[in-house]
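Quick notes on the structure that follows.
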Amino acid sequence: MALRFELPDRLALFPLPGAVLMPRSRMPLHIFEPRYLQMLEDTLKTDHRLIGMIQPETDGLAAIGCAGRVVAFSETGDGRMMISLGAVSRFRLQEVTEGFSPYLQGQVDWSSFARDRGGPEHDAGLDRDALFALLSRYMETQDLSTDWEAAAKAEDELLINSLSMMLPFSAGDKQALLESPSLSDRRELLVGLIEFALHGGENEERMQ
């Protein structure tokens with residue numbers, strides 16, 4: 001996928017715990033804090049219109065985030081903004097940079113994630129019947145529901161990335177899913193997390 005803009009070295013950052021944007025996915029966001037309304041206003045003035053989604057961690061920010069391009073936005077009656085981000089590429093955060101803006105910005109490196117800017121990935125090892133059986137058990141225990149017909153029709157990447165974004169895993173688990181090198185790696189981790197939860201792992205200490 002050829003980009004119509006250059007990837008910037010400096011990126012506006014939107015730290016949001018438990019929220020990860022996967023390659024070639026979309027994320028709706030409700031913007032209402034004044035600093036992030038300013039971030040959106042500034043971002044829309046750029047050619048790239050990129051916002052870096054990144055998770056906060058106890059000692060700062062995660063090492064890897066994903067930049068999304070603002071592909072749609074609308075204003076609500078009370079001045080809030082609804083936006084949609086289309087994922088462009090993951091990035092490695094080199095440092096948080098000081099500036100005059102009320103929101104965080106970071107110096108970023110894109111070089112490790114050239115594959116994100118290519119076409120959709122496919123997962124030759126995906127067993128949909130086994131995944132859906134496992135997922136059905138998990139959703140029943142979590143009192144969740146899904147559109148199984150739409151899931152059955154979804155391409156490999158859309159299915160795996162959507163589940164990775166939406167299922168109620170911990171922030172650390174979501175970060176690990178984001179950092180998975182390939183779609184098959186992400187699917188294997190996703191299955192492992194679901195199996196772990198089904199075996200009562202959520203109620204156990206995960207550090208032994």
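For this chain, numbers begin at 1 and follow the sequence in order.
Ring pair Trp148/Phe132 is perpendicular by interplanar angle, where above 60° counts as perpendicular and below 30° as parallel.
To the nearest 0.5 angstrom, Leu29 atom CG is 5.0 Å from Ile83 atom CD1. Put simply, OG1 on Thr76 and CE on Met81 are 8.5 Å apart, with the number rounded to the nearest 0.5 Å. Rounded to the nearest 0.5 Å, atoms CZ (Phe5) and NE2 (His48) are 8.5 Å apart. Leu167 CG to Leu193 CG: the interatomic distance, rounded to the nearest 0.5 Å, is 9.5 Å. Here CE of Met53 is found 10.5 Å from CG of Leu178. Values are rounded to the nearest 0.5 Å.
Side chains of Ser164 and Asn161: a donor-acceptor N/O pair is absent below 3.5 angstrom, by distance only. Checked by atom type, the side-chain pair Glu140/Ser136 shows no donor-acceptor distance below 3.5 Å.
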I would like to know whether Arg10 and Gln105 meet side chain to side chain donor-acceptor pair (under 3.5 Å); could you show each step before the answer? CA-CA 7 Å; Arg10 186 183 177 101; Gln105 298 184 60; 3.0 Å; yes
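Judged purely by atom type and a 3.5 angstrom limit, Arg186 uses its side chain to pair as donor or acceptor with the backbone of Leu177. Lys174 places no side-chain N or O within 3.5 Å of a backbone atom of Gln55 that could act as its donor or acceptor partner. Side chain of Gln107 to backbone of Glu95: no donor-acceptor contact under 3.5 angstrom is found. Not a single donor-acceptor pair under 3.5 Å links the side chain of Ser25 to the backbone N or O of Leu21. Proximity of a side-chain donor or acceptor of Asp9 to a complementary backbone N or O of Val108 within less than 3.5 Å is not detected.
A salt bridge is defined here as a Lys NZ or Arg NE, NH1 or NH2 lying under 4.0 Å from an Asp or Glu carboxylate O, and Arg24 with Glu157 meets this definition. In this structure, Arg90 pairs ionically with Asp116, as a charged nitrogen and a carboxylate oxygen lie closer than 4.0 Å. Using a 4.0 Å cut-off between charged nitrogen and carboxylate oxygen, Asp156 and Arg128 count as a salt-bridge pair.
Within a 6.0 Å radius of CG in Asp78, more than 12 heavy atoms belonging to other residues, nucleotides or ligands are found. Enclosure of atom CD in Glu155 is not indicated, since only 12 or fewer non-hydrogen atoms of other residues, nucleotides or ligands lie within 6.0 angstrom.
Listed by first then second residue, pairs satisfying ring pair (Phe, Tyr, Trp, His ring centres under 6.0 Å) with a partner in residues 75-108 read Phe91-Trp110, not counting sequence neighbours. Listed by first and then second residue, the salt bridge (charged side-chain N to carboxylate O under 4.0 Å, His left out) pairs involving residues 37-54 are Glu41-Lys45 (not counting sequence neighbours).
In this structure, Leu135 is not a member of the same hydrophobic cluster as Leu158, with clusters built from ILVMFWY side-chain heavy atoms closer than 4.5 Å. Met39 and Met82 are assigned to two separate hydrophobic clusters, defined by single-linkage of ILVMFWY side chains at heavy-atom distances under 4.5 Å.
Considering Glu75, Glu33, His30 in turn, His30 is the only one that fulfils the side chain to side chain contact (heavy atoms under 4.5 Å, CB included) rule with Arg80.
Taking each heavy atom of Thr43 and Ala12 in turn, the nearest pair found is OG1-CB, 4.3 Å.
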